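Accompanying notes for the structure given below.
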Amino acid sequence: MKFPKTQTLKEVADIIDSKYIGDPNFPVYGMNEIHVVEPGDIVFVDHPKYYDKALQSAATIILINKEVECPEGKALLISDDPFRDFNKLTRHFRPFRATETAISLSAEIGEGTYIQPNCFIGNHVRIGKNCIIHSNVSIYDHTVIGDNVIIHAGAILGADAFYYKKRPEGFDQLISGGRVVIEDNVGIGALCTIDRGVTGDTTIGEGTKLDNQVHVGHDTVIGKKCLIAAQTGIAGCVKIMDEVTIWGQVGVISSITIGERAVVMAQSGITKSIEGDKTYFGTPADEAREKLKQYANVKKIPEILNKLK
């Protein structure tokens with residue numbers, strides 16, 4: 001998430017009331033999670049296990065809960081609770097703003113686009129040309145939709161990321177300030193749910209088609225011309241390359257990559273990154289032929305046990 005204008009290190013420190021290490025005028029352009037940070041971004045870290053990863057990342061401002069040696073060319077924000085203060089920054093730069101109309105006055109809707117009754121279009125949403133938004137669709141703030149997109153009834157674009165920190169009193173939510181970006185010629189089935197990024201974009205690539213009741217988690221990037229069948233659940237921070245086919249009721253764990261043109265058969269569970277140009281089946285998923293051989297061998301176990309007796 002980029003800020004509306006460049007901030008200084010001191011200005012950001014004042015917002016969260018924190019100590020800082022570095023030039024007070026050090027430029028701050030935005031804030032992001034570690035997997036999408038760029039120079040000028042703030043990243044937060046609150047566990048020693050991940051200090052080095054954050055300090056050596058592309059981020060040039062590290063919000064951290066311990067005074068450490070500051071890498072050259074970077075700056076530190078020292079906080080007793082980086083998670084809390086990251087949320088403060090999200091609320092400050094992208095606060096929730098209620099709207100009193102079904103279609104926000106700040107929404108931009110392209111020529112030839114039809115919006116059916118009972119839809120909600122949030123603040124600063126951009127919808128391209130020749131789209132069809134069927135009834136009871138909810139499109140949250142800052143969502144971007146390209147041209148020739150069809151979204152079927154009951155779909156929800158831009159709900160919060162499922163991202164929590166466990167505390168003694170319960171679960172503390174990491175506030176979502178990212179977006180959903182839908183590229184041209186995408187089809188989204190009825191009752192699909194696509195969560196926005198925490199600070200970046202959840203993206204559905206050009207020409208991809210989602211069947212009914214598909215869930216796409218925060219910050220996931222789906223490539224071009226993919227086919228994803230009903231009741232598939234994709235966790236956050238997944239990268240699905242171009243022309244992947246995923247059949248019904250597949251579960252995909254977070255932070256993995258599915259290679260180009262991979263095919264995942266129905267009711268499979270993807271628990272690790274998989275290569276492209278292969279077909280997969282089972283839980284945990286493996287190459288389909290190998291998995292089917294394994295199942296066939298399992299069926300032989302009673303016969304083998306009887307022979308041993």
Side-chain angles (χ1 to χ4, degrees), residues 1-18 20 26-46 54 57-63 75 77 79 81-109 120-127 137-146 156-165 171-182 193-204 216-221 236-237:
M1 179 175 73
K2 299 303 180 186
F3 299 150
K5 66 176 184 177
T6 302
Q7 306 290 308
T8 67
L9 181 64
K10 184 179 185 307
E11 286 173 333
V12 173
D14 288 344
I15 293 168
I16 58 176
D17 193 24
S18 78
Y20 61 88
F26 193 93
V28 186
Y29 304 137
M31 53 190 287
N32 266 312
E33 289 187 277
I34 196 162
H35 63 284
V36 289
V37 287
E38 299 174 344
D41 282 346
I42 302 168
V43 69
F44 85 91
V45 61
D46 57 6
S57 72
T60 45
I61 305 93
I62 296 86
L63 176 60
L77 292 161
S79 165
D81 191 336
F83 188 99
R84 176 202 65 209
D85 287 339
F86 201 75
N87 274 345
K88 282 185 182 178
L89 292 173
T90 301
R91 289 191 181 100
H92 181 86
F93 289 104
R94 188 159 286 178
F96 172 77
R97 299 193 187 281
T99 180
E100 297 179 354
T101 59
I103 299 177
S104 171
L105 298 177
S106 62
E108 301 175 21
I109 299 171
F120 170 74
I121 312 295
N123 298 306
H124 308 292
V125 168
R126 300 202 309 268
I127 303 176
V137 169
S138 293
I139 302 176
Y140 285 39
D141 295 359
H142 302 284
T143 297
V144 178
I145 297 171
I156 300 171
L157 280 61
D160 284 345
F162 189 72
Y163 193 137
Y164 294 87
K165 181 180 182 66
F171 293 100
D172 193 2
Q173 183 178 23
L174 187 62
I175 304 301
S176 298
R179 307 184 302 175
V180 169
V181 176
I182 308 296
T193 52
I194 304 173
D195 290 347
R196 58 181 161 172
V198 172
T199 53
D201 296 336
T202 302
T203 304
I204 312 295
V216 180
H218 70 89
D219 294 286
T220 283
V221 176
C237 303

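In this text the structure is predicted, and so the values were computed from the model without any measurement. For the single chain, residues carry numbers from 1 onward in sequence order.
Listed by chain and number, the residues in a side-chain hydrogen bond (donor to acceptor under 3.5 Å, both in side chains) with Thr6 amount to none (sequence neighbours excluded). By the ring-ring contact (aromatic ring centres under 6.0 Å, His included) test, His92 is found to be paired with no residue, residues two or more places apart in sequence or in another chain being considered. Under the rule for a salt bridge (Lys or Arg N to Asp or Glu O under 4.0 Å), Glu108 has no partner lying at least two apart in sequence or in another chain. With sequence neighbours left out, the side-chain hydrogen bond (donor to acceptor under 3.5 Å, both in side chains) criterion links Asn123 to Ser104, Asp141. For the side-chain hydrogen bond (donor to acceptor under 3.5 Å, both in side chains) test, residues two or more places apart in sequence or in another chain that qualify with Asp46 are Lys165.
Atom CZ of residue Phe44 and atom CZ of residue Phe86 lie 6.0 Å apart, to the nearest 0.5 angstrom. Of the inter-residue distances, the one linking Phe162 atom CZ with Phe171 atom CZ reads 8.0 Å to the nearest 0.5 angstrom. In this structure, CG on Leu157 lies 9.5 Å from CD1 on Ile121, to the nearest 0.5 angstrom. Between the CG atom of Asp85 and the CD1 atom of Ile42 there is a distance of 10.5 Å, given to the nearest 0.5 Å. With values rounded to the nearest 0.5 angstrom, Leu89 atom CG is found 12.0 Å from Ile175 atom CD1. Rounding to the nearest 0.5 Å gives a distance of 7.5 Å between NZ of Lys88 and OG of Ser79.
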**OP:** Walk me through it: do Asn32 and Val43 pass the test side-chain contact (heavy atoms from CB on, under 4.5 Å)?
**Re:** CA-CA 6 Å; Asn32 266 312; Val43 69; over 6 Å; no
**OP:** Assess whether side-chain contact (heavy atoms from CB on, under 4.5 Å) is satisfied between Thr143 and Ile194, documenting all intermediate values.
**Re:** CA-CA 11 Å; Thr143 297; Ile194 304 173; over 6 Å; no
Original post:
Between Leu63 and Ile16, is a side-chain contact (heavy atoms from CB on, under 4.5 Å) present by the stated rule, with each step listed?
Top reply: CA-CA 11 Å; Leu63 176 60; Ile16 58 176; 3.9 Å; yes
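Counting all heavy atoms, side chain and backbone alike, Ala161 lies closest to Arg196 at CB-O, 4.1 Å. Across all non-hydrogen atoms, the minimal contact from Ser106 to His124 is OG-N, 2.9 Å. Minimum heavy-atom separation, Tyr29 to Pro39: CD1-O, 3.8 Å. When every heavy atom of Glu33 is checked against every heavy atom of Val198, the shortest pair comes out as OE1-CB, 3.3 Å. Closest heavy-atom contact between Val125 and Gly122: CG2-O, 3.3 Å.
The backbone N or O of Gly178 lies less than 3.5 Å from no partner atom in the side chain of Ser176, so there is not a single donor-acceptor pair. Side-chain atoms of Thr202 come within 3.5 Å of backbone atoms of Asp195 as a donor-acceptor pair (strictly under, hydrogens ignored).
Taking the side chain as every heavy atom from C-beta outward, Val12 and Tyr20 never approach each other to under 4.5 Å. Using a 4.5 Å heavy-atom threshold, the side chains of Leu77 and Leu9 count as touching. Looking at Ile139 and Ile145, their side chains come closer than 4.5 Å, going by heavy atoms from C-beta outward. In this structure, Tyr140 and Val180 have side chains that are not in contact, with every pair of non-hydrogen atoms separated by 4.5 Å or more.
Each of His218, His142, Arg179 was checked for a side-chain hydrogen bond (donor to acceptor under 3.5 Å, both in side chains) with Asp201, and the lone residue meeting it is Arg179.
Around CZ of Phe120, the count of heavy atoms belonging to other residues, nucleotides or ligands within 6.0 Å exceeds 12. Around the CZ atom of Arg126, the shell of radius 6.0 Å holds no more than 12 heavy atoms that belong to other residues, nucleotides or ligands.
Applying the salt bridge (charged side-chain N to carboxylate O under 4.0 Å, His left out) test to residues at least two apart or on different chains, the pairs with a partner in residues 2-13 are Lys2-Glu38, Lys2-Asp41, Lys10-Asp14.
Using a 30° and 60° split on the angle between ring planes, Phe93 and Phe3 fall in the parallel class, below 30°.
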